[in-house]
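These notes are about the structure you will find just below.
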Amino acid sequence: MNLNKNQKIAAETSDRICCVLAGPGTGKTLTITAKIIHLLEKGVSPKEIAALTFTQKAAIEMKQRVITNLRQEKNLPFIGTFHLLCLKLLREFLSDREKHFQICTRTKQKEIISAIHKKNVDRIIEKITNFKNTNTPLDEKILPIYEKYEEKKKELNLLDFDDLLLKTLELVNKKQIPALFSHIIIDEFQDINKIQYALIKGLLKENGYLTVFGDPDQAIYSFRGSEIELFLELPKDFPDLTLINLSLNYRSQKNIIEASNKFITANTKRFSKKIESTREQKSPIILFEVEDEYEEAKTILREIKQRLGATDFTELYKNKEETSCSFSSFAVLTRTNNQLKIIKDCLDKEGIPVKTIKKDTEHWTSKITKKITDAIVNYSDKLFTNMPLQSFIESSNLYEELSNTEIFILSNIAKTYKDGKLIEQIQALIDELTSLTPVDLFPENINAVSLLTLHSSKGLEFPVVFIAGFDEGLIPYTLTSDTDIEEERRLFYVGMTRAMDELILIHSRQRLINGKKITLPVSSFLKDIPEEYVIKKVRQNRAGPKQKALF
DNA sequence: GTGGAGCACTTTTTT
DNA sequence: AGTGCTCCAC
């Protein structure tokens with residue numbers, strides 16, 4: 001593995017408590033992978049190591065990389081989500097009477113809650129989750145619902161996702177689960193909450209090694225209980241903490257790195273960190289001002305077409321290798337989901353393929369199940385010719401149709417595939433699918449323009465990034481009262497740093513929000529980006545009356 | 001059990 | 001504007 005100086009230090013240090021500041025595009029996953037492999041090569045037993053993530057996607061990516069590097073997949077350390085680790089520990093350490101619980105999924109949660117109280121089911125679940133994770137008190141109306149919910153779960157022998165962690169922590173505190181790991185590695189540490197933090201401490205052996213990777217400037221999930229303070233107060237909690245800064249960014253050109261570096265210094269809750277681009281300077285950030293959301297969509301369409309340099313899109317499908325950029329080079333990011341609809345419609349109409357994250361759990365589960373079932377049935381024919389699975393995936397259209405997560409699962413199923421038992425295999429597969437999330441199923445390999453919220457863009461990168469709705473009110477989002485302006489700034493920072501070559505912001509003078517036509521000024525975040533990094537382009541509505549530009 | 005009127009609500013999302 | 005829900009009539 002080819003590591004730069006600080007990546008190597010982070011991977012090989014034998015300091016006991018380390019915090020690796022891993023800004024956007026600095027090779028975090030590579031470094032974590034290197035660290036795991038380094039420990040194994042040093043002779044640390046896999047059983048002594050746990051690498052924890054918050055999402056399955058991250059876990060799968062990391063595991064895949066470790067497997068690729070080790071060229072084997074036996075005797076791996078635990079690499080997975082906090083929830084999976086807790087699930088395994090509970091199955092191992094709970095009493096025989098208790099250990100046979102089932103997981104209370106979101107669907108089941110909704111079912112139980114709505115039997116108690118029909119209205120605002122989602123909000124109630126959110127409140128309960130918040131209460132369990134952060135001790136945010138429950139008001140009088142929700143408390144009895146919560147109590148009945150807990151009772152019902154007990155009756156049905158269910159544990160919800162929060163319970164997995166809480167129950168494990170309880171056993172750890174009662175010493176019924178011993179400290180198990182001498183090396184714990186945490187990914188995306190800025191997303192941690194108090195429960196998870198306590199859990200890590202309880203599972204780490206005395207004088208064990210802890211390395212956390214993350215970036216406080218990308219903490220965007222406080223609304224679901226993450227506490228950036230836990231990251232920022234690490235030096236207090238561990239006076240012997242070693243800070244390592246991954247300072248080289250391999251993703252974005254200089255303008256984007258410098259502009260985002262300066263932008264984020266407007267925040268106070270952070271560690272100062274240095275990030276340098278390894279890439280040549282390219283064009284500055286472009287800011288368009290347009291009339292309304294339809295002009296916004298048309299601007300995106302026009303800019304995409306211009307960069308594709310083709311009007312006949314069927315040609316682009318055929319000659320992918322010959323063009324420097326394709327549909328998948330572009331992403332459109334917005335603060336809210338519903339802003340994406342008009343943009344999607346506009347691109348759809350012009351024959352530009354788009355991909356979005358589907359939120360409809362029931363539908364995709366059955367659809368994907370069918371897709372993978374078909375794939376396995378197809379593959380079983382190919383078994384006669386001994387065609388390796390990877391070649392099969394690449395030669396079929398599956399590579400484009402399936403997300404990376406699906407391919408991973410398919411590979412696993414196929415590996416254990418034996419003649420006869422197809423139905424059982426698929427049954428097992430369906431069990432795995434129920435734990436997948438919309439993001440896991442985002443078809444990364446399909447050649448289409450990505451339409452995403454700023455939140456769901458985290459971790460991704462694109463040559464050309466549009467951030468639409470750069471309007472005060474949406475960015476930062478202040479249409480409801482309890483805005484955390486620093487978190488909103490971090491969210492925009494995440495958006496900016498998705499861009500490799502070009503960042504294009506679009507502000508619309510007017511917009512329909514909740515059925516009302518409103519006029520918003522350009523985002524107040526504009527003033528936090530030094531002027532020399534931005535080119536402003538005003539597009540007047542030709543038909544309409546002349547309006548004074550807002551900047 | 002269905003369909004339509006009436007009403008409320010409207011940020012972000014993982015396990 | 002658009003969605004999702006309840007409630008009531010059939």
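Nothing here was measured: the structure is a model prediction, and the numbers come from that model. To find a chain, count down the sequence lines: A is the first, B the second, and so on, and within it residues start at 1.
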Interatomic distance, [X] [atom1] vs [N] [atom2] [rounded to whole Å]:
X	N	atom1	atom2	answer
A/I518	B/dT10	CD1	C1'	12 Å
A/D122	C/dC5	CG	P	8 Å
A/R123	C/dG4	CZ	P	16 Å
A/I124	C/dC5	CD1	P	13 Å
A/E293	C/dG2	CD	C1'	14 Å
A/D160	B/dT13	CG	P	21 Å
A/L87	B/dT14	CG	C1'	16 Å
A/I357	B/dT14	CD1	C1'	12 Å

- Message: Please report the distance separating the C1' of B/dT14 from the corresponding atom of C/dT3, rounded so that it comes out in whole Å.
- Response: 24 Å

OP1, OP2 of B/dT14 versus side-chain N and O of A/T81: anything below 4.0 Å?
-> no

> Any side-chain N or O of A/N514 under 4.0 Å from OP1/OP2 of C/dG2?
Replying inline: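 False: A/N514 side-chain N/O out of range (4.0 Å or more) of C/dG2 OP1/OP2.
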
Problem - Test: A/R509 and A/E295 ion pair at under 4.0 Å - result: no

Are the charged groups of A/E151 and A/K148 less than 4.0 angstrom apart, N to O?
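Not counted as a salt bridge, because no side-chain N and carboxylate O are separated by less than 4.0 Å.
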
* Verify whether one side chain among A/N267 and A/D217 offers a donor that lies under 3.5 Å from an acceptor in the other. =>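 Not at all, the side chains of A/N267 and A/D217 share no donor-acceptor pair under 3.5 Å.
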
For A/Y221 and A/Q190, test the side chains for any donor-to-acceptor distance below 3.5 angstrom and give the result as yes or no. no

Within residues 474-487 of chain A, those residues having any heavy atom closer than 4.0 Å to DNA chain B are A/Y477, A/T480, A/D482

| query | In a check of side-chain contact (heavy atoms from CB on, under 4.5 Å) between A/K167 and each of A/L90, A/D162, A/V172, which one passes? | reply |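 Of the listed residues A/L90, A/D162, A/V172, the side-chain contact (heavy atoms from CB on, under 4.5 Å) partner of A/K167 is A/L90.
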
*Would you mind telling me which residue lines up with the more 5' stretch of DNA chain B, A/R224 or A/N120, judged by nearest nucleotide?*
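That would be A/N120.
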
Close side-chain approach of A/K201 to A/L210, heavy-atom, < 4.5 Å =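 When only atoms from C-beta onward are counted, A/L210 and A/K201 do not touch, as no gap falls below 4.5 Å.
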
- With sequence neighbours excluded, what pairs up with A/F263 under the ring-ring contact (aromatic ring centres under 6.0 Å, His included) test?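 For A/F263, the residues satisfying ring-ring contact (aromatic ring centres under 6.0 Å, His included) (neighbours in sequence not counted) are A/F492, A/F525.
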
Can A/F223 be classed as stacking with the base of B/dT12, given a centroid separation cut-off of 5.5 Å and a plane angle cut-off of 30°? yes

